[in-house]
Participant: 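Sharing a structure, written as structure tokens. Questions coming.
First listed ligand is number 1; within each ligand, the first listed atom is number 1.
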Amino acid sequence: MKLDILAIGAHPDDVEMSCGGTLAKEIAKGKRVGILDLTRGELGTRGSAEIRDIESKNAAEILGVSMRHNLAFADGFFVNNAATQLEVIKIIRKYKPDVVLCNAVDDRHIDHPKGSKLASDACFLSGLRRIETIHEGNHQHEWRPKQVYHYIQWKDSTPDFVVDVSGFMDKKLEAIYAYKSQFFDAESKEPLTPISSKNATDSMEYRNRNLGRLIGTEAAEGFTVERYVAVDSILDLI
Ligand SMILES: [Zn+2]
């Protein structure tokens with residue numbers, strides 16, 4: 001199966017929080033979208049790896065993605081090296097995405113910039129034919145995604161471009177709230193974390209609404225780029 005878009009996240013829920021609206025919009029247009037989680041988020045203060053496995057499966061169903069895979073690297077301790085790059089390369093070569101969305105380049109959680117660089121490096125290396133990979137018994141061919149974009153996470157980074165996600169905020173929030181163990185839940189007895197406060201979930205929605213306000217739409221999600229954004233026609237811009 002070939003994907004149009006592969007969204008890669010260090011932890012299950014990174015993708016939903018940061019670019020869930022963009023993915024939902026492309027899926028509604030008939031595009032094939034997949035999610036690759038690097039870890040199971042087992043160091044998270046709330047919930048557990050098993051609970052997050054179930055929550056991430058539910059979130060994937062809500063968004064309607066074509067595939068979701070978890071590489072089960074060590075949460076907090078995974079490194080960006082040949083071994084981890086090769087595992088990501090195998091997934092890129094298997095699904096051949098045109099666009100890869102990945103973690104924020106700079107962020108509060110140390111796994112986010114690490115995951116960002118790992119995904120970006122793997123996208124480049126995946127295009128080198130002399131790197132041989134065998135996945136599920138098949139010799140794989142090189143594949144380099146056309147674009148790598150970084151979604152914005154905890155920090156208020158300035159986006160290089162934004163995607164209008166008007167009409168898709170309900171779907172995004174539904175996917176986020178599938179992670180009941182992680183986000184605001186007035187009934188929960190678990191310790192509070194930065195993302196489990198009511199302010200955190202309200203802020204996620206507000207930031208999208210605010211980006212929408214700035215471009216004259218209902219809501220938007222922001223991304224940063226590794227090279228100039230190019231458009232075929234100046235009329236493509238909204
Ligand atoms: Zn994360």
Participant: Answer yes or no on whether Arg108 is positioned over the face of Trp154, meaning its NZ or CZ is under 6.0 Å from the six-membered ring centre and within 45° of the axis.
Facilitator: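 That pair qualifies as a cation-pi contact.
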Participant: Which atom name does His11 have for its N/O/S atom nearest to the Zn ion (ligand 1)?
Facilitator: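 Closest N, O or S atom of His11 to the Zn ion (ligand 1): ND1.
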Participant: Only one of Tyr228, Tyr149, Tyr151 forms a ring pair (Phe, Tyr, Trp, His ring centres under 6.0 Å) with Phe161, so which one is it?
Facilitator: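 Among Tyr228, Tyr149, Tyr151, the one meeting ring pair (Phe, Tyr, Trp, His ring centres under 6.0 Å) with Phe161 is Tyr149.
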Participant: So, 2.8 Å as the limit: is an N/O/S atom of Asp14 located closer than that to the Zn ion (ligand 1)?
Facilitator: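 Yes - counting backbone and side chain alike, Asp14 has an N, O or S atom under 2.8 Å.
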Participant: Got an N, O or S from His112 under 2.8 Å of the Zn ion (ligand 1)?
Facilitator: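 For His112, the answer is yes, given that an N, O or S atom comes within less than 2.8 Å of the Zn ion (ligand 1).
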Participant: Is it the case that Lys2 places NZ or CZ above or below the six-membered ring of Tyr95, under 6.0 angstrom from the centre and within 45 degrees of the axis?
Facilitator: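 Ring-cation test returns no.
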Participant: I'd like to know whether Lys171 forms a salt bridge (charged side-chain N to carboxylate O under 4.0 Å, His left out) with Glu174, so could you lay out the CA-CA distance, the side-chain angles of the two residues, the decisive distance to 0.1 Å, and finally the verdict.
Facilitator: CA-CA 5 Å; Lys171 182 73 93 176; Glu174 196 189 338; 5.0 Å; no
